[in-house]
*Asks:* 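Just dropping this structure here.
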2 protein chains.
Amino acid sequence: MKQAKKKIFQEFIAAKGLKSTRQRDIILDVFLSSDRHLSIEELYLKLRAKHPGIGYATVYRTLKLFAESGIAREIHFGDGQTRYEHLAAGEHHDHLVCTGCGTIVEFENEAIEQLQDEIAAGYGFLIKNHKLELYGLCAKCRG
Amino acid sequence: MKQAKKKIFQEFIAAKGLKSTRQRDIILDVFLSSDRHLSIEELYLKLRAKHPGIGYATVYRTLKLFAESGIAREIHFGDGQTRYEHLAAGEHHDHLVCTGCGTIVEFENEAIEQLQDEIAAGYGFLIKNHKLELYGLCAKCRG
DNA sequence: GCCATAATTGAAAGTGATTTTCAATATACA
DNA sequence: TGTATATTGAAAATCACTTTCAATTATGGC
């Protein structure tokens, strides 16, 4: 599935008339083998550890391309940091965020998605995507 | 209901040992008589039209106070702008955002809220608040 | 009202995250 | 291989706020 995403990205690059570069390969590789929900800063530091030559701007630019190509999604948890998570085609999930320790849990719920579509339809909207985040305290932090 | 919010804010100010100022009164007044979901920039411009003396920093500071006092809520739609919406006590709603024309529709759905609590409970979380935004095209923009 | 104390203000400087600029370099294709 | 064009890294610029600071303004006691 890592290979599948790499292939999708290569095709995206080719279709756009862009070029395949050493940096993009490295960033994609490190990105795909990282935890999900990594902030750009965290990914940059991880990259720098093995590949000191890679610049900040390149990481930003490349992550945007990942999102554009569909293999990644940008997420904001309101802490001022942008995060990207890698995503399989068609996959979708929402987040539970612990405001105590920062733990992030992913979940999927078909019933909620369906309700959303119904609500949207009621207002004449055609939903393209959505964002659902639940903020609270995890079991540990509830004390 | 505008009066009710003004009263809540006055009480908040008093309880915190803060002062009631001309600027805060003006900003609150303009804020409450504005469309919901106004960005800070938009509110600032609207304010400046009638009250040229009011500074940017004061608007930012005052909106934060509104949020703290409970009469307003900060919202982010991922366009890099912070918005504030005025809110009646205990009120909660979510948003439908048209990515075509920017129209924002508010909605409430008890069934979704309940499902959220169930999901959260399943992971041991105690939910404090949540954010649900549906992005898509409104009836007009579906064309 | 008058004073003293402390909060508030506006302008400007400072932040932090992200973007842009630009000259040098690398890639793709003829 | 040559050439046109995309990409890169470093540094400067931008954007949306936040902080600083000296001047101004409320508030409570007398």
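Letters A, B, ... are given to chains in the order of the sequence lines, protein chains preceding strands, and every chain is numbered from 1. Just so it is clear, the values below take in all heavy atoms, side chains as well, and ignore hydrogens, waters and symmetry mates.
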*Asks:* Classify the nucleic acid contact of B/Lys64 as base, sugar-phosphate or nothing, counting any heavy atom under 4.0 Å across all strands shown.
*Replies:*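 It contacts sugar-phosphate atoms only.
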
*Asks:* For DNA chain C, whose closest nucleotide is more 5', that of B/Ser20 or that of A/Arg61?
*Replies:*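 Closer to the 5' end of DNA chain C: B/Ser20.
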
*Asks:* Ignoring hydrogens and angles, does a donor from either the side chain of A/Lys19 or the base of C/dA26 sit under 3.5 Å from an acceptor on the other?
*Replies:*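 It does not, because no donor-acceptor pair links the side chain of A/Lys19 to the base of C/dA26 below 3.5 Å.
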
*Asks:* Would you kindly give the CG-to-P distance between A/Leu18 and C/dA28, to the nearest whole Å?
*Replies:*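 To the nearest whole Å, that distance equals 11 Å.
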
*Asks:* Would you say A/Thr82 reaches C/dA17's phosphate, i.e. side-chain N/O to OP1/OP2 under 4.0 Å?
*Replies:*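 It does not, given that no N or O in the side chain of A/Thr82 lies less than 4.0 Å from OP1 or OP2 of C/dA17.
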
*Asks:* Does the gap between the ring centers of A/His93 and A/Phe107 come in under 6.0 Å?
*Replies:*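 Distance test on ring centres: not under 6.0 Å, no.
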
*Asks:* Expressed in angstrom and rounded to an integer, what is the separation of B/Leu65 atom CG from C/dA7 atom C1'?
*Replies:*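 About 11 Å, once rounded to whole Å.
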
*Asks:* Would you indicate, yes or no, if C/dT9 has its OP1 or OP2 atom less than 4.0 angstrom from a side-chain nitrogen or oxygen of B/Arg22?
*Replies:*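 No, B/Arg22 has no side-chain N/O under 4.0 Å of OP1/OP2 on C/dT9.
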
*Asks:* If I take atom CD1 in residue B/Ile54 and atom C1' in nucleotide C/dA11, what distance separates them, rounded to the nearest angstrom?
*Replies:*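 So the CD1-C1' distance, B/Ile54 to C/dA11, works out to 15 Å.
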
*Asks:* With distance as the sole criterion, is a donor-acceptor pair present between the side chains of B/Ser34 and B/Lys46 under 3.5 Å?
*Replies:*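 Present: a donor and an acceptor within the cut-off.
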
*Asks:* Select one nucleotide: of C/dA12, C/dT20, C/dT9, the one nearest the side-chain heavy atoms of B/Gln23.
*Replies:*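 The listed nucleotide nearest to B/Gln23's side chain is C/dT9.
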
*Asks:* Walking along DNA chain D from 5' to 3', note the first and the last nucleotide with an atom under 4.0 Å from a heavy atom of chain A, and give both.
*Replies:*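 From 5' to 3', the first and last contacting nucleotides are D/dT5 to D/dA10.
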
*Asks:* Assert yes or no for the condition that the ring centre distance of B/Tyr84 to B/Phe66 is strictly below 6.0 Å.
*Replies:*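 No: the rings miss the under 6.0 Å criterion.
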
*Asks:* In whole angstrom, give the distance that lies between atom CD1 of A/Ile40 and atom P of C/dG16.
*Replies:*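 It works out to 17 Å between those atoms.
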
*Asks:* As a quick check of understanding, evaluate ring pair (Phe, Tyr, Trp, His ring centres under 6.0 Å) for A/Phe77 and A/His95, giving each step before the final call.
*Replies:* CA-CA 9 Å; A/Phe77 289 136; A/His95 298 102; 5.2 Å; yes

*Asks:* Taking any heavy-atom pair under 4.0 Å as a contact, classify A/Gln81: base, sugar-phosphate, or nothing.
*Replies:*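 Counting heavy atoms under 4.0 Å across all strands, the contact made by A/Gln81 is with sugar-phosphate only.
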
*Asks:* For A/Leu63 and C/dT19, what is the distance between atoms CG and P respectively, to the nearest whole Å?
*Replies:*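 Rounded to whole Å, this separation is 10 Å.
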
*Asks:* Name the residue closer to the 5' end of DNA chain D, choosing between A/Arg24 and B/Thr21 according to the nucleotide with the nearest heavy atom.
*Replies:*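 Result of the comparison: A/Arg24.
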
*Asks:* Can you tell me the distance, in whole Å, between the CZ atom of B/Arg48 and the C1' atom of C/dT9?
*Replies:*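 Value for this atom pair: 13 Å.
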
*Asks:* Roughly how many Å is it from NE2 in B/His76 to C1' in C/dA17, rounded to a whole number?
*Replies:*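 After rounding, the gap between these two atoms is 14 Å.
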
*Asks:* Do we see a donor-acceptor contact under 3.5 Å between the side chains of A/Asp94 and A/His130?
*Replies:*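 On atom types as modelled, these side chains qualify, holding a pair under 3.5 Å.
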
*Asks:* Would you indicate whether the side-chain heavy atoms of B/Val97 and B/Leu134 approach each other to under 4.5 Å?
*Replies:*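 When only atoms from C-beta onward are counted, B/Val97 and B/Leu134 do not touch, as no gap falls below 4.5 Å.
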
*Asks:* Closest nucleotide of DNA chain C for B/Ile13 versus for B/Tyr44: which of these residues is on the 5' side?
*Replies:*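 Final value for this comparison: B/Ile13.
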
*Asks:* Can a donor-acceptor pair be found between the side chains of B/His51 and B/Gln23 at a distance below 3.5 Å?
*Replies:*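 Short answer, no.
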
